[in-house]
Amino acid sequence: MNTTALSVNLNKVALLRNTRHLGMPSVTRAAEICMQAGAHGITVHPRPDERHIRVTDVTDLAKLMRAWPQHEFNIEGNPFHNLMDVVGGLVRDGLPVHQVTFVPDDQGQFTSDHGWRLPQDAERLAGVVAQAKAWGLRVSLFMDAEPEYMGAAKAVGADRVELYTEPFAAAWASPDQGAQLRRFAEAARAALAAGLGVNAGHDLNRENLTAFIAGVHGVSEVSIGHALIADALELGYRDTVMDYVRCITLGQAWREQTPG
């Protein structure tokens, strides 16, 4: 895929659904509308306490994805909590899952806020990376934008890294914005040089996404949840997804005008 793919994270849809026992809003319906509108895939992060996405949601979404063979299902989480059991169940049932993103979050953590430390975490990651690849899945590691970590991520067996973009988002419209963008561009170059694909996510939104895509080379996928679902409350899923795709397309156009 030449374009940067948009994967919609549906955790916040499930979080709202879980406040009542009525089954709405529907996570699967949200996925379907988003893909109809142009999203390239769906992401979920099932945590052990099921405070948003539940294991049943993961299964229901995997069943839905059978009808969308050109779209990808990305499941993220800590491989030392419940993630491997959830993903292994899908694999055993022959249900589609394309990518796992390993995230080093704690069980009670509010949201993901840092990447793996390599090579410190390499030994314990090696086994779960090997297991996921034995299942035929692409493995992405959630990483801080530190160029020196990228070779170690490749060495442990990862196929991609997902750059944790909150520092870039936090610097938006501040004097540090340019420096942060250059930092992420350097990390992406190091990842590509190591033979890794590059994903990105966390606090990307309609204001900062175009500049990120324009300034960071070779981003294969952005995973966006909180901001996208917040926008959808005002604009609807369809118009929101279409606008995020527009932001990506504009960023790529800017990128092509400034090679190097």
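Fair warning: this is a prediction, and the values are worked out from it, not measured in the lab.
- Between V8 and A39, the shortest heavy-atom contact is CG2-CB, 3.7 Å.
- Two different hydrophobic clusters hold Y237 and L15 under the rule that ILVMFWY side chains link at heavy-atom gaps under 4.5 Å.
- Proximity of K133 to V129: side-chain heavy atoms (C-beta onward) are separated by under 4.5 Å at one or more points.
- Atom CG of D57 is separated from atom CG of N11 by 9.5 Å, given to the nearest 0.5 angstrom.
- In E148, the CD atom is crowded: over 12 heavy atoms of neighbouring residues, nucleotides or ligands sit closer than 6.0 Å.
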field: Verdict with supporting geometry, F168 and D203, side-chain contact (heavy atoms from CB on, under 4.5 Å)
entry: CA-CA 9 Å; F168 165 75; D203 290 346; over 6 Å; no
message: Under the criterion side-chain contact (heavy atoms from CB on, under 4.5 Å), I'd like the reasoning laid out for S220 against V198: C-alpha separation, chi angles, the key distance, then a yes or no.
response: CA-CA 6 Å; S220 294; V198 178; 5.6 Å; no
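- Considering every non-hydrogen atom in both T28 and D60, the closest pair reads CG2-CB, 3.8 Å.
- Taking the charged nitrogens against the carboxylate oxygens, E32 and R29 do have a contact shorter than 4.0 Å, which makes a salt bridge.
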- request: Show your working on salt bridge (Lys or Arg N to Asp or Glu O under 4.0 Å) between R246 and D243 and close with a plain yes or no.
  value: CA-CA 5 Å; R246 178 193 64 81; D243 205 35; 2.5 Å; yes
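- In summary, the side chains of R47 and H52 do present a donor paired with an acceptor at a separation below 3.5 Å, with no hydrogens or angles considered.
- With values rounded to the nearest 0.5 angstrom, D105 atom CG is found 6.5 Å from H81 atom NE2.
- Cluster annotation: L6 is not connected to L235 through the hydrophobic network of ILVMFWY side chains, with a link wherever side-chain heavy atoms come within less than 4.5 Å.
- Between the side chain of N205 and the backbone N or O of E207 there is at least one donor-acceptor pair closer than 3.5 Å.
- Remark: side-chain polar atoms of D144 are paired, donor with acceptor, to backbone N or O of G115 under 3.5 angstrom.
- S223 and N9 make their closest contact through OG-CB, 4.3 Å (heavy atoms, listed as atom of the first residue, atom of the second, distance).
- In this structure, the side chains of T56 and E50 stay at 4.5 Å or more apart for every pair of heavy atoms.
- Residues P79 and Q131 have side chains not in contact (no heavy-atom distance under 4.5 Å, counting atoms from C-beta outward).
- Put simply, I224 and M242 are part of two different groups of oily side chains (I, L, V, M, F, W, Y) that touch within less than 4.5 Å, one to the next.
- I33 contributes atom CD1, which lies 11.0 Å from atom CZ of R238 (distance to the nearest 0.5 angstrom).
- For the pair L196 and A158, the tightest heavy-atom approach, listed with the atom from each and the gap, is CD2-O, 3.3 Å.
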task: Just do the side-chain hydrogen bond (donor to acceptor under 3.5 Å, both in side chains) check on Q99 and N74 with the steps written out, would you?
output: CA-CA 5 Å; Q99 177 176 266; N74 169 51; 3.1 Å; yes
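- In this structure, the side chains of D231 and Y244 come closer than 4.5 Å at one or more pairs of heavy atoms.
- Annotation: side chain of M65 is in contact with side chain of H71 (closest heavy-atom distance under 4.5 Å).
- Residue L83 is grouped with residue W135 when hydrophobic side chains (ILVMFWY) are merged at heavy-atom distances under 4.5 angstrom, including chains of intermediate members.
- Clustering ILVMFWY residues whenever any of their side-chain heavy atoms sit less than 4.5 angstrom apart, transitively, puts L233 in a cluster other than the one holding V27.
- Judged by distance alone, the side chain of D176 and the main-chain N or O of A171 form no donor-acceptor pair under 3.5 Å.
- Side-chain contact between N18 and R51 is absent, with no heavy-atom pair separated by less than 4.5 Å.
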message: Would V128 and V100 count as a side-chain contact (heavy atoms from CB on, under 4.5 Å) here? Give the steps.
response: CA-CA 11 Å; V128 290; V100 288; over 6 Å; no
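- What you find for A30 and L10 is that their closest heavy atoms are CB-CD2, 4.1 Å.
- Around the NE2 atom of H98, the shell of radius 6.0 Å holds more than 12 heavy atoms that belong to other residues, nucleotides or ligands.
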task: Quick one: do L118 and L125 satisfy side-chain contact (heavy atoms from CB on, under 4.5 Å)? Show the steps, please.
output: CA-CA 10 Å; L118 295 175; L125 279 171; 4.1 Å; yes
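- Side chain of D93 to backbone of L95: no donor-acceptor contact under 3.5 angstrom is found.
- In plain terms, the two heavy atoms of N199 and S140 that are nearest each other are ND2-OG, 3.8 Å.
- Relative ring orientation between F142 and Y164 is described as tilted, the plane-to-plane angle lying within the 30° to 60° band.
- Inter-residue side-chain proximity for F102 and M84 is flagged as met; some heavy-atom pair is nearer than 4.5 Å.
- Checked by atom type, the side-chain pair T3/Q252 shows a donor-acceptor distance below 3.5 Å.
- A side-chain contact (heavy atoms from CB on, under 4.5 Å) with I75 is found for one member of I53, T43, L61, L90 and no other, namely L90.
- Here the side chains of F73 and V44 are in contact, with some heavy-atom distance below 4.5 Å.
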